[in-house]
Number of protein chains: 2
Amino acid sequence: MAATIRDVARVAGVGLGTVSRVINNSPLVSQATRQRVLDVIAELRYNPSQIARSFSLGKTLTVATIAPFFTRPSVVERLRGIEAALASGGYALVVFNVETRARRDNCLRDVPRSQRADGLLIISLAPQPDEVLALQETRLPVVLIDAYADSLPGVTIDDVAGGALATEYLIALGHRRIGFIGDLIADEMSFNFTSSRHRLEGYQQALVAAGIPPRDEYQRHGLHGRYEARVLARDLLELPEPPTALFAASDTQAMGVLEAARDLNLAVPDQLSVIGFDDIDVAEYLGLTTIRQLLFESGERGVELLLKRIANPATKLEREYLPIELIARGTTRRIAR
Amino acid sequence: MAATIRDVARVAGVGLGTVSRVINNSPLVSQATRQRVLDVIAELRYNPSQIARSFSLGKTLTVATIAPFFTRPSVVERLRGIEAALASGGYALVVFNVETRARRDNCLRDVPRSQRADGLLIISLAPQPDEVLALQETRLPVVLIDAYADSLPGVTIDDVAGGALATEYLIALGHRRIGFIGDLIADEMSFNFTSSRHRLEGYQQALVAAGIPPRDEYQRHGLHGRYEARVLARDLLELPEPPTALFAASDTQAMGVLEAARDLNLAVPDQLSVIGFDDIDVAEYLGLTTIRQLLFESGERGVELLLKRIANPATKLEREYLPIELIARGTTRRIAR
DNA sequence: TGCTATACTGGAACCAGTTCCAATTATAGA
DNA sequence: TCTATAATTGGAACTGGTTCCAGTATAGCA
């Protein structure tokens, strides 16, 4: 139906190779011939088939990304960085959104094997050791973003340090009773999210370092979401001896905490300090104190690492840590001991 | 390097066709042969090349989506609907993010021509007549979401009715001085966004119908964004005779309006009513009165229409209108005349 | 036993590009 | 004019699947 390169060659009265050379701007074509071919291409409205080209070249000029819950603002921002970096490199982006354990497993298994893409970015999901092996076997270049796995390159932050940073800040403000709201442990297990767990570790380390024994009843875990965090926080704040400050493992969850405070008529920051994590777009609007990480840049850097590996698969394993920063806004406040 | 179907055939001692039949679960293979082939596939760790398969079949099992500013919550939610519907149909999703006029034009021109995908979804961008012609010439099935163009199928809402609905509600609450904050006209022009313009039309119609002459100074346009809307709203609210209610063409812009009110110490809803559009996720958190549209579903329905057209390109032009609904929350309030 | 219908199987041809080698033509230099 | 070299050009072979036709084996039946 659509014109092929052979049609063009026939009509222009030249050989296949010549048309191919014209399409690819090879210098090995005379000006006159090039013009003739270009005219015929226009006349026949010929468009080279990307598929045939990929097939012949053995490269797809496409990168696949597996992302959990890609509506989360933090994930979206990373994706935006990825897309921007890929577009400027001439690559297209295929997105797989993962919202269940089964789909996570399927994607991690099938996407690399399908050979749809020249490389794979995995956001916030840490492959298990056996999955890492399977990945390596496919020889597909892979880079993790916001996740860590032995012997896979990645771009992350130091989540333990981030958790500690947030907690130390609250301690410095005079808080001693500090609660933590994070992702469901079971959920972390099934998806193998690691950031919430690491932030919890940092939280505990900071407490211990300040001589404050961590209390189990101050640590709550639920499905990642505003509503779930709201319920957890409400519960936490109704303890006989409630925390005076809450550290939420993400800004989305911090929003749930703020709702809980509203539910209970607790003034923030006067009666309750709240700190989040990520510094997503609305955090500024809400005046939320949080730990900023460079989401857009994480996508960009991930692409950079990946393209380097695509160009040269033997590149040594690189792992990049992006900086974090405390952004003090209006939801935290000093209290008297 | 990687094993091909011919390797499998050779090692298993069968023909090419037989291996292909096994891969595709054709019933025309004896149980014994099938097992032998499966064993060899496992042994050689053979994975069929998706590219070769696409090439041979003439279909990519991929759908491309062009979306402007895909970080906007409304766009993300539509994308989520698209991805979900595509995944369940076995299709992959390629995403192109458009943030400049030049990229919009390039994407609209090149993506359909590259024959990377079996179909194309365009979100919130209305192709111009000449672009429609070019699209049709490629014979690629296309469906618009949140956009309208002559002779292209699409899924939209009635934005004029939505604008009227919001405005009528404010009027019913007793407001007479009602302002409008929408996207930059020049921007609409260059991207050819239409929804903000249509909502403005509905706003004007509702005013006229209620015997209220629309005032030019009450209608402001800026780049789509919270900050820009904040500046516009502040300006509007500092008029000698400021509006008592503001209709923002999107929830994101409504958030900017709320910030402006905060800047000027205007209590919402007591001194200023605010209504948004879209009912994005945070709207509920903010208690924002808004017009809800079914974002996720718009993606799903768009995919459904598209897959129908891919299966049968002769499908007659379908255009679907999704319902809208006023969600009254806490940022609007009745005032005495 | 022979014949026919049925169940499998093999592999050539095909999809639309790229690449590379051989052939041809043009150009420069002697 | 002839030769060496450079500049172009043509097209076969190749990429890895699918499809379809022809061929073989097996079973059922008279």
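Quick note: numbers below take in every heavy atom, side chains included, and nothing from hydrogens, waters or symmetry partners.
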* Asked: Taking the nucleotide of DNA chain D with the closest heavy atom to each, which residue, B:V19 or A:Q31, is nearer the 5' end?
  -> A:Q31

* Asked: Given atom CD1 of B:I5 and atom P of C:dG11, what is their separation to the nearest angstrom?
  -> 13 Å

* Ring centroid separation B:Y321 to B:Y148 under 6.0 Å -> no

* Look at B:S30 and C:dT9 and indicate whether a side-chain polar atom (N or O) is within less than 4.0 Å of OP1 or OP2. => yes

* Asked: If you pin A:S56 and B:G13 to their nearest nucleotides in DNA chain C, which one's is more 5'?
  -> B:G13

* B:I23 CD1 to D:dG17 P: how many Å, rounded? -> 6 Å

* How many Å lie between CG on A:L16 and C1' on D:dT8, as a whole number? -> 16 Å

* Asked: Are the side chains of B:V75 and B:F69 in touch, meaning some heavy atoms are under 4.5 Å apart?
  -> no

* Are the ring of B:F55 and the base ring of D:dT15 both nearer than 5.5 Å at their centres and tilted by less than 30°? -> no

* Asked: Quick one: A:Q115 CD to D:dG16 C1', roughly how many Å, whole number?
  -> 10 Å

* To do: For A:R10 and D:dT9, give me the distance from atom CZ to atom P, rounded to whole Å.
  => 19 Å

* Asked: Would you say a side-chain N or O of B:R53 is under 4.0 Å from OP1 or OP2 of D:dT18?
  -> yes

* Short side-chain donor-acceptor distance under 3.5 Å, B:T138 and B:R113 -> no

* Asked: Closer to the 5' end of DNA chain C via nearest nucleotide, is it B:L28 or A:R6?
  -> B:L28

* What is the distance from CD of A:Q35 to C1' of D:dT8, rounded to the nearest Å? -> 17 Å

* hbond_proxy B:S49 side chain to D:dG16 base (donor-acceptor, 3.5 Å cutoff) -> no

* What does B:G17 touch in the nucleic acid at a heavy-atom separation under 4.0 angstrom: a base, only the sugar-phosphate, or nothing? -> base

* Atom pair distance, as rounded to whole Å: CG in B:L61 and P in D:dG17 -> 15 Å

* Is a donor-acceptor pair below 3.5 Å formed from side chain A:R21 to base D:dG10, judging by atom type as modelled? -> yes

* Could you tell me the separation between the NZ atom of B:K59 and the C1' atom of C:dC15, rounded to a whole number of Å? => 14 Å

* To do: Remember a base hit wins even if backbone is also touched, and classify A:S20 as base, sugar-phosphate or nothing at under 4.0 Å, heavy atoms.
  => base

* To do: May I ask you to say what B:S54 touches in the nucleic acid, namely base, sugar-phosphate or nothing, with a heavy-atom cut-off under 4.0 Å?
  => nothing

* To do: Could you walk me through whether B:I66 and B:I123 pass the side-chain contact (heavy atoms from CB on, under 4.5 Å) test, one step at a time?
  => CA-CA 6 Å; B:I66 302 178; B:I123 301 181; over 6 Å; no

* Structure fact -> dist A:L307:CG -> A:N312:CG (nearest 0.5 Å) comes out at 12.5 Å

* Asked: Which listed nucleotide (D:dT19, C:dT9, C:dT18) is nearest to the side chain of B:L57?
  -> D:dT19

